[in-house]
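A note on names: the letters A, B, ... follow the listed sequences, proteins ahead of strands, and every chain is numbered from 1.
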Number of protein chains: 2
Amino acid sequence: MKVEKISELTTNRLSVYLRCLRELSSQGVLSVSSDELADRFHLHSAQIRKDLAYFGEFGVRGVGYYVEGLIDHISKILGLDREHRVGIIGAGRLGTALADYYHFSHSNFKVAALFDTESSKIGTKNGEATVYDFREFSDVVERLKIDVAIIAVPANFAQEVFRRVVQAGITAILNFAPAPLKSEVNIKLKTVDLTNSLESLSYFLAQSEETNGAGKILNVRAKRKRTAAKNAK
Amino acid sequence: MKVEKISELTTNRLSVYLRCLRELSSQGVLSVSSDELADRFHLHSAQIRKDLAYFGEFGVRGVGYYVEGLIDHISKILGLDREHRVGIIGAGRLGTALADYYHFSHSNFKVAALFDTESSKIGTKNGEATVYDFREFSDVVERLKIDVAIIAVPANFAQEVFRRVVQAGITAILNFAPAPLKSEVNIKLKTVDLTNSLESLSYFLAQSEETNGAGKILNVRAKRKRTAAKNAK
DNA sequence: TGATGTGAAGCGGTTCACAGCC
DNA sequence: GGCTGTGAACCGCTTCACATCA
């Protein structure tokens, strides 16, 4: 075990391992080797061993990892042994859908409140969570002990919402707005860009068309200079 | 310009650049340097130049990049110069929310259809898209010329849905089910794991508690061996 | 014997630094 | 002079290979 900085790639994988281990547990499996885990999600066994070894010696040589014990360890490492309370800013379609999604994914994340500025939405219920006025964000955060924020507002509001969220003392933020938020130290900001995800699929489609279809990729170098010059208008 | 394999990290960034360039364009900005772009989203300027240089010499030395021209180039590279037609499998809360989201993000992705197996949902409208019976997936895909699929079903159905989607000839798939899908060559599968995203925030919170609070990180090595042994039960 | 834990090697992506060009 | 395009250096993550231990 080292006292190195743990990469986010590692913690992401821990969360994936955990899901798998829970399934194994429900199937009554007692122990599992890194090799077995590796081919569930197509990863390398050494990677799994390294990820786990950062945090301690959880395995037993010649045997593997005991499923129940490992679940406990990973849960504790990820801080999933205690409940987190989530506030979702933006009670539009996306915000309410996320509220639902997380509500039913019976995890340690409880959606405690939604926030919006539109008066027609304020006061409505969404499952068990009420929609509050975003102008009272700080107060509600304190009262409901919210420690995680999800931003689900249009891009042009995102930076301002982010500022207010940080101001209210929230340090962990999941952002769904397609905006390049300027973050700060000691604030964990994670952006999920739904448009981006589709566009990168589009690139793949464009590539396979080119290779299946007529022209080979990028044999157009000569043209480029002219194009750039022309763009000057 | 090289004829190397382009990393997905690069294409993701291209999509981010594109959004920024469109904004600049709407502000009437004519040209922009890699340095200016770099501090919009806090990136390194060399990175931006490299990303672009993979595809051609779009810049002008001493000047920068012409905004309009670069928008055209990136759009073409990402295949956003033509429309894509999306089918969403799973007409639950998440599926319909995504349908809405993509419908209003006036991009080149048109949600052409949703799919479900629940008879109460089949035939209903969702914005402009109808919910079809998933059992007729292949037919509808062909008829509506769908080329991108979004999987928004519970985890336990995901692998089977994935199989059917591939069978119908779809090669680009965005998956929201928290399941480790086994993919194939020539199929582009991208998974967005909403639970995962929150759990990695949780790790961050757990860390900052430890450092702010009592114990320093991981001074518990000695305990570990005992714990592992005990887990054997 | 069989699987872990881990230095060392390998690899891919980012940053540096500067030649080349406008 | 200023900014791009790019080889070289750098850095961090992944994979290898093997000593270690139940």
In this structure, how many angstroms lie between the [atom2] atom of [N] and the [atom1] atom of [X], rounded?
X     : N      : atom1 : atom2 : result
A:F58 : C:dA3  : CZ    : P     : 20 Å
A:Q47 : C:dA9  : CD    : C1'   : 16 Å
B:E57 : C:dG20 : CD    : P     : 14 Å
B:Y17 : D:dT4  : OH    : P     : 12 Å
B:L37 : D:dG2  : CG    : C1'   : 16 Å
A:I6  : D:dG12 : CD1   : C1'   : 13 Å
A:R61 : D:dA19 : CZ    : P     : 13 Å
B:H44 : C:dA17 : NE2   : C1'   : 10 Å

[N] phosphate, OP1 or OP2, under 4.0 Å from [X] side-chain N/O:
X     : N     : answer
A:S34 : C:dA3 : no
A:Y66 : C:dT4 : no
B:S33 : D:dC3 : no

For [X], answer base if it contacts any base atom (sugar-phosphate contacts may also be present), sugar-phosphate if it contacts only those atoms, and nothing otherwise; contact means non-hydrogen atoms under 4.0 Å.
X     : answer
B:L9  : sugar-phosphate
A:T10 : nothing
B:S45 : nothing

Proximity to the side chain of B:R49 - top-ranked nucleotide from D:dT6, D:dT14, C:dT4: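 My answer, after comparing the listed nucleotides, is D:dT6.
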
Nucleotide nearest A:A53 (side chain, heavy atoms from C-beta), chosen from D:dC13, C:dT6, D:dA22: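 Of the candidates, C:dT6 comes closest.
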
Check against ring-ring contact (aromatic ring centres under 6.0 Å, His included), A:Y66 and A:F58: CA-CA 8 Å; A:Y66 290 103; A:F58 302 141; over 10 Å; no

Test item: B:E199 side-chain N/O and A:L78 main-chain N/O as donor-acceptor pair under 3.5 Å: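 No.
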
Side-chain donor-acceptor pair present, A:E36, A:S33, cut-off under 3.5 Å: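 On atom types as modelled, these side chains qualify, holding a pair under 3.5 Å.
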
Between B:R22 and B:S26: side-chain donor-acceptor atoms closer than 3.5 Å: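 Side-chain D/A pair, B:R22 to B:S26: absent.
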
Distance-only donor-acceptor test (3.5 Å): side chain A:K50, base C:dG7: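 Counting by modelled atom types and ignoring angles, a donor-acceptor contact under 3.5 Å is found here.
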
Geometric class of the A:F55/B:Y203 ring pair [parallel <30°, tilted 30-60°, perpendicular >60°]: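 If you compare the ring of B:Y203 with that of A:F55, the planes turn out perpendicular.
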
